[in-house]
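Reviewing the structure listed below.
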4 protein chains.
Amino acid sequence: MSTKSPGKTREKLVSAAMELFAKKGFDKTTVDEIVAKAGVAKGTFYLYFKSKDDLIKELAFEVMPIMAMPSLNDPYITLSYPTLESYLLQLGKEFLDFYSENYRADIFFHMLSVRRRMKSLNEIYSQSCSELLREGARRITAYVKVGFEDALIAFQMFLASLMHYLHAGDCLGFSREHYLKKVISAVIHHLKLSASV
Amino acid sequence: MSTKSPGKTREKLVSAAMELFAKKGFDKTTVDEIVAKAGVAKGTFYLYFKSKDDLIKELAFEVMPIMAMPSLNDPYITLSYPTLESYLLQLGKEFLDFYSENYRADIFFHMLSVRRRMKSLNEIYSQSCSELLREGARRITAYVKVGFEDALIAFQMFLASLMHYLHAGDCLGFSREHYLKKVISAVIHHLKLSASV
Amino acid sequence: MSTKSPGKTREKLVSAAMELFAKKGFDKTTVDEIVAKAGVAKGTFYLYFKSKDDLIKELAFEVMPIMAMPSLNDPYITLSYPTLESYLLQLGKEFLDFYSENYRADIFFHMLSVRRRMKSLNEIYSQSCSELLREGARRITAYVKVGFEDALIAFQMFLASLMHYLHAGDCLGFSREHYLKKVISAVIHHLKLSASV
Amino acid sequence: MSTKSPGKTREKLVSAAMELFAKKGFDKTTVDEIVAKAGVAKGTFYLYFKSKDDLIKELAFEVMPIMAMPSLNDPYITLSYPTLESYLLQLGKEFLDFYSENYRADIFFHMLSVRRRMKSLNEIYSQSCSELLREGARRITAYVKVGFEDALIAFQMFLASLMHYLHAGDCLGFSREHYLKKVISAVIHHLKLSASV
DNA sequence: CATGAATGAGCCTTCATTCAT
DNA sequence: CATGAATGAAGGCTCATTCAT
């Protein structure tokens, strides 16, 4: 009755859940709806996930900021971006594109609001966040002569501004590109002045 | 049986709800618990709020970023802060203090994750956010000669960095003060360079 | 829509449950069926009982052996029964009548089989059982000069034989009355011989 | 992957089930747990048993009272026990030892509580019970000159008292031995007096 | 204004059973 | 004989909401 692709059941469940969360939010999406959309029986869900909360952890991982910046993990990528500006611009675009699938941002914010009550989620986030910031800072130091701490703060500000744009972007009406350019320029000014001290 | 203070019922409900949200999160807090803590009957809740979702709007308003920066609305306050640095520092401290009541941040993030599905909430947020940014920018232009747009972006970055610190602050381990100082310094560098163009 | 007798909801639930347990057994009876028979909504069940297991405790209490022998608690009753024989016969008849509502025996045996895993049930049973035996023994000593210990054992044997008849009675085909008479006679023989030692 | 002993699968399932019932009770034990403990796949269970209820019949048979008294079936055993007292004592000890594995008593009582709804179980019990009582009575008549009916009642009382001790033994605090002695003495008094009539 | 018993749709989860391999 | 992924009916329970008093 349904297309039997071997070993795809779990994936079907995950992507069905994603789509539904996008439309209705995490709490309002029921397991019934998920399995209906995935085309499997209710019990099947529980073969792959211990609970509905278990599923959100899987999804949470997929919407972590670190997943939004693939160029941060490609070791050879910097060759394509001669300047820090151009590299940050690339990261910024990737980030905003990734979260322009609105449900990703929603799930991400949802995670932030519940993580204190979900220990395992909290740990995943903290670790992934640390890695992201450190790797970002490391990349910056490859472009400009600056202390690691300053690079860290610069990258955190950069990331913060990107995130903020996700929910506050349309409060001002700047274009994405314009905002990006300005933010990057601010970050770079700061780095240069820090470097010269 | 309970102390009857006239006209206090609504307040009792709101503050009971706040306390519970702080402990258990919005979704996990039931109307039963709220009325129990407030010391009123179940039906009474619905005399004051159309629904549980109605209540969150009330609370959402109270945890808006704009509520976190009282100094932004005091027209005479700038007299106490001769430099932009000192003023931003004051705002930053107020902001972080305000949200150090953890449930405020939780409710705020919760709001961000659901606002697209709650029209009225979305409007409140957009408007309050616009006001906040505009007022922040206006204040900046009172300190430095800079275009309004640049001031807006600067203030947004400032705000973004503060918000990011709420959930990612401990991923790096900088002290609040150190982080604040660095962020402010970056913002100001940017403004000065923009101004001089 | 339903007959509204004040304060009768709980009773309606209990008696509906009893009837169903009689027909289908405890485990096979669902909360859905109970509320349907009681004519109330599902949620109402949980206003009166914390859980389905909670209900069984209530019922368990009502089918305790001690409830099967009202004459054991009437302080003046012995006046009506001049001899121990006649009194035990009365108790025996009461007991067998009580449990001839078959579901009572079923619930009772069910309780015996699960009590080790339900602490509170176990305590209720132990206590009620002790009381029953002690009171029975006390009554015996009012009729015959015999040590309390011997009276206890005699009464326990009497009770044991009654209980056994509940499930093994038809394995032999004696009439109730005949069996009762024989058991009582055995018990009394034992007591007389013990007394004379 | 697992040690393949030919033809042992059924036994592994039965003994795994026994162990689990001992710990968790019949209803709370799942087929999943049974097969996990037995080290076979889920489907394999259904090669050997039509259903889970089918399995309990197998187990029910193993905890029948008749299984608790091996000395009742040994035709030569009476040679070792010159008196009825000593023989009943032996039977009583065997019985209490057998059921001191608590799960046996639990399964037995479970069976009593459901047998009316499980025809085949009921038949097994009735038949086994009849056999047990008749054989017991037959043995008694080998020791004392007494009518078969009186022997039957005497043995039923004996058995009843043993069973009662399984769940009510600790309500009084007599030692097993003391209780046994007293019960046997009562039974024998009764038999002697019946015989002399 | 206030009550709280009653509601019932809906939730998450379990588990005996089947069947294609 | 054996497997184990898939099933789906059924279960116990929650909780926002209503309404007669």
Side-chain angles (χ1 to χ4, degrees), chain A residues 1-2 4 6-10 27-36 38-55, chain B residues 1-2 4 6-7 9-10 27-36 39-55, chain C residues 1-2 4 6-10 27-36 38-55, chain D residues 1-2 4 6-7 9-10 27-36 39-55:
Chain A
M1 187 150 291
S2 61
K4 274 278 171 69
K8 294 286 184 243
T9 304
R10 187 192 181 88
D27 296 305
K28 296 286 157 53
T29 299
T30 68
V31 173
D32 273 280
E33 291 168 322
I34 295 170
V35 296
V40 301
K42 193 100 157 266
T44 306
F45 180 90
Y46 291 91
L47 278 180
Y48 293 96
F49 304 98
K50 272 209 306 286
S51 68
K52 197 183 155 196
D53 268 358
D54 200 47
L55 169 61
Chain B
M1 190 151 291
S2 61
K4 277 278 174 69
T9 304
R10 187 190 181 88
D27 297 306
K28 295 286 158 55
T29 300
T30 68
V31 174
D32 270 281
E33 292 168 319
I34 295 170
V35 296
V40 301
K42 196 100 159 269
T44 305
F45 181 91
Y46 290 90
L47 290 177
Y48 293 96
F49 304 98
K50 267 212 313 287
S51 68
K52 197 181 154 196
D53 270 357
D54 201 48
L55 169 60
Chain C
M1 188 151 290
S2 62
K4 273 278 171 69
K8 295 285 184 245
T9 304
R10 188 192 180 88
D27 296 304
K28 295 286 156 55
T29 299
T30 69
V31 174
D32 274 281
E33 291 168 321
I34 295 170
V35 296
V40 301
K42 191 103 156 264
T44 305
F45 180 91
Y46 291 92
L47 276 181
Y48 293 96
F49 303 99
K50 271 210 306 288
S51 68
K52 197 183 154 195
D53 269 358
D54 201 46
L55 168 61
Chain D
M1 190 151 291
S2 61
K4 278 278 175 68
T9 304
R10 186 190 181 89
D27 296 306
K28 295 286 158 55
T29 299
T30 68
V31 174
D32 271 280
E33 291 168 320
I34 295 170
V35 297
V40 302
K42 194 101 158 268
T44 305
F45 181 91
Y46 290 90
L47 291 176
Y48 292 96
F49 303 98
K50 267 212 312 287
S51 68
K52 197 183 155 194
D53 270 356
D54 202 47
L55 168 61

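Just so we're on the same page: letters track the sequence lines, and every chain starts at 1.
Checked against F/dT3, E/dA16, F/dA10, the side chain of D/Ala41 finds its nearest nucleotide in F/dT3.
In terms of position along DNA chain E, the nucleotide closest to B/Gly43 lies nearer the 5' end than the nucleotide closest to the other residue of the pair B/Gly43 and D/Lys50. Comparing D/Asp32 and A/Asp53 by the nucleotide of DNA chain E whose heavy atom lies nearest to each, the residue mapping closer to the 5' end is A/Asp53. When each of A/Phe45 and C/Phe45 is assigned the nucleotide of DNA chain F bearing its nearest heavy atom, the one mapping closer to the 5' terminus is A/Phe45. Comparing C/Thr29 and A/Val40 by the nucleotide of DNA chain F that holds the closest heavy atom to each, the one mapping nearer the 5' end is A/Val40.
Between B/Thr9 and E/dA2, a side-chain N or O to OP1/OP2 separation shorter than 4.0 Å is present. Between F/dT7 and A/Thr44, a contact under 4.0 Å exists linking OP1 or OP2 to a side-chain N or O. Between C/Tyr48 and the phosphate of E/dA6, there is a side-chain N or O to OP1/OP2 separation shorter than 4.0 Å. Under 4.0 angstrom from either OP1 or OP2 of E/dT3 there lies no side-chain N or O belonging to B/Lys42.
Look at CZ on D/Arg10: it is 15 Å from C1' on F/dC1, rounded to the nearest Å. Atom-to-atom, OH of C/Tyr46 to C1' of E/dA5 comes out at 18 Å; the value is rounded to the nearest Å. If you take NZ of C/Lys52 and P of E/dT14, they are 16 Å apart, rounded to a whole angstrom. Nucleotide E/dT13 holds its P atom 13 Å from the CZ atom of A/Phe49, rounded to whole Å. Straight-line distance from the CG atom of B/Leu47 to the P atom of F/dA20: 15 Å, rounded to whole Å. Distance, C/Lys28 NZ to F/dG12 C1': 16 Å, rounded to whole Å. Protein atom CG of A/Leu55 is 15 Å distant from nucleotide atom C1' of E/dT13, rounded to whole Å. Between B/Asp27 atom CG and E/dC12 atom C1' the separation is 15 Å, expressed in whole Å.
Of the nucleotides present, none pairs with E/dC1 by Watson-Crick or G-U wobble criteria with both distances under 3.5 Å. Nucleotide F/dT14 forms a Watson-Crick or G-U wobble pair with E/dA9, both donor-acceptor distances falling under 3.5 Å.
Between D/Ile34 and D/Thr29, the closest side-chain pair of non-hydrogen atoms falls below 4.5 Å.
Atom CG in D/Asp54 sits 8.0 Å away from atom CZ in D/Phe45 (nearest 0.5 Å). Note that CZ of C/Arg10 is 13.5 Å distant from OG1 of C/Thr44, once rounded to the nearest 0.5 Å.
Closest non-hydrogen pair, B/Lys28 versus B/Glu33, comes out as O-OE1, 3.7 Å.
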Point to revise | Working for side chain to side chain contact (heavy atoms under 4.5 Å, CB included), residues D/Leu47 and D/Thr9 | key: CA-CA 10 Å; D/Leu47 291 176; D/Thr9 304; over 6 Å; no
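Taking atom C1' on both E/dC1 and F/dT21, the two are 13 Å apart, rounded to the nearest angstrom.
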